[in-house]
Amino acid sequence: MVKTTIRELTNHEAQMVCLQGWVSNKRSSKALFFIELRDGSGFCQCVVDQNNVSEEVFQKAKDLSLASSVRITGQAVKDDRQIGGYEIKVEDLDVLQIVEEYPISNKAHGIEFLMEKRHLWLRSRRQWAVMRIRSRVKFTIHKFFQERGFIQTDAPIFTGAACEGTTTLFETDFYGDPAYLSQSGQLYAEATAMAHGKVYTFGPTFRAEKSKTRRHLSEFWMIEPEMAYYDLDMDMELIEDFIRYIVTDIYENYKPELEILERDLTLFENIHKPFPKITYDDAIKILKGKKDVDGKNAIQTLENDLAEVKNRIEECKKDIAEREANIAAGGMKKGAVNFNKNKIDTLKQEISKLEEKERNIPQWLESAKNFQHGEDLGGSDETVITRLFDTPVMVYKWPKDIKAFYMKRDEEDDNYVKGVDCLAPEGFGEIVGGAEREDNLDLLVERIKEHDLPMEAFEWYLDLRRYGSVPHAGFGLGFERLIMWLTNVSHIRETIPFPRYYGRLFP
RNA sequence: UGCUCCUUAACUCAGUUGGUUAGAGUGCCGGCCUGUUAAGCCGAGAGUCGUCGGUUCGAGUCCGACAGGGGCAGCCA
């Protein structure tokens, strides 16, 4: 008998093994118990057969409850019906603790309840899969940059001033002086890039905006590469290689996790295609329906969506009415009545979600149709544009007034800057924001004044242009947004073990 | 911060134009079933209807304030 983990079972086929874990589900019949065990490395069904075990072991199996901790000894048997491909024929059980009543059942829970129980929720199958992917992506990011000669450098978390101005920051007391928690490491990355050539930072970032949306956190992680002697084109090329590298790695190595998450794999299968690169001006034309993408029109697509939603609401209502009539007619068995009542509840919930969409889509249409050149793309605008693509899209050459002060002016047209946003497909929206940086001292000073930023706070930054200024570029990637996109979880709160956001500081 | 929807059992939700004792499913507990994948079937227990105030003979239901949550927008990653 050998102590092992579920993930390692493939090396112990037909052998006696001992697994140490927790009960994640239990099903029973008269002489059989199916115990779904998780041990951190995976999930595995363990079968307790009355004919195979002692009376005592059978009774122990009967007493096991959800989340109880247990050591299970038995034979590892290959079974293709199981998710991990193996099953344990149990011979002995060693119970460490029987749990009275585990708060999280295998049924529906709301996000608020689950967040209160986040410390337990992390044990659930989907959360487990998300955290494994998070870990892998973190590793792969380091691998990507290290393989290409980048040096990882750290930006400070306490800062004396806002890096980019506008954002709301968390204020702390730093030996009597106000200090702010960092909202970006980019400016510091520019400094270390002038020391090492190619660098990246990977650290936590803090924003004190009172945003309660599925895309925002108060504390999140950012990756910010910065490269000396890079221009915007090289920057975009790097972004594309980087995203393709990560997506490919997850696709090739994390299929079981993607399966648990029920991730549609279209994204992963299309990732080899070149990412379209379009200018801001073209993006606006697409948004306003004046330019099609592969024969798909943005406004038309949105109108079709709305019609589809309305149709579906009607279908649901009809279905509900029929089921209610059938129940009222009588003569139905209790089980069938319950089934129909459940179905009606499900349909009602679907309707309330659809009605939310029905309220939102017309607003998105309005926003798209009335979009004025020079405005920044809003969340819904990004959704509208990226619905039309099946790979990430690069949008570059932005009006200077809506972008940060440090972006380099476009040599061809003074009104634009050499910035780029990488938008993820399937309506997801922005995951990367990057730019070639302004390397001319006078122009940079001018921009700081235009943005009304405190010049003295940027003196050290201006030194980078005084002493050996070179063209350079970089980008910033929101780590949790990337994970959210890869795993397709509905809320960014699920992509970090203990999320911090407006109204949430515990657990 | 603005708009909008919501708060009823441990969980997810029904509850019609205000009217006796408040409904279901799930979970927990008991029973049945030899292969289940959110198993199934039968049974039992479980509620200060978010808080405060108002209208009314009567409020889960109507009105107001407050608190908390979801969605969207803004801000952004």
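Proteins come first, then strands; the chains are lettered A, B, ... in the order of their sequence lines, and each starts at number 1.
Nucleotides U48(B) and U7(B) have their C1' atoms positioned 15 Å apart, rounded to a whole Å. Between the C1' atoms of G27(B) and A39(B), the separation comes to 15 Å (whole Å). For the C1' atoms, the distance linking G53(B) with A38(B) amounts to 44 Å, nearest Å.
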Please report, to 0.1 Å, the donor-acceptor pairs under 3.5 Å made by any side chain of residues 255-262 of chain A, with sequence neighbours excluded.
residue	atom	partner	partner atom	Å
K255(A)	NZ	Y251(A)	O	3.4
E257(A)	OE2	R7(A)	NH2	3.3
E257(A)	OE2	R132(A)	NE	2.8

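Rounded to an integer number of Å, the gap from I111(A) CD1 to G68(B) P is 18 Å. The interatomic distance linking I361(A) (CD1) with A73(B) (C1') rounds to 15 Å, in whole Å.
Counting non-hydrogen atoms under 4.0 angstrom, E87(A) reaches a base of the nucleic acid. Counting non-hydrogen atoms under 4.0 angstrom, Q82(A) reaches a base of the nucleic acid. Residue-level contact check: Q45(A) touches the bases, meaning some heavy atom is under 4.0 Å from a base atom. K357(A) comes within contact range of no nucleotide atom at all, as no heavy-atom separation falls under 4.0 Å. Across all strands, I431(A) comes closer than 4.0 Å only to sugar-phosphate atoms, never to a base (heavy-atom distances).
The aromatic rings of W398(A) and Y280(A) lie tilted to each other, with the angle between the two planes from 30° to 60°.
Residues from residues 28-41 of chain A with heavy atoms under 4.0 angstrom of RNA chain B, sorted by number: S28(A), S29(A), K30(A), L32(A), F34(A).
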Stepwise ring-ring contact (aromatic ring centres under 6.0 Å, His included) test for H119(A) and F498(A): CA-CA 8 Å; H119(A) 50 295; F498(A) 296 99; 7.8 Å; no

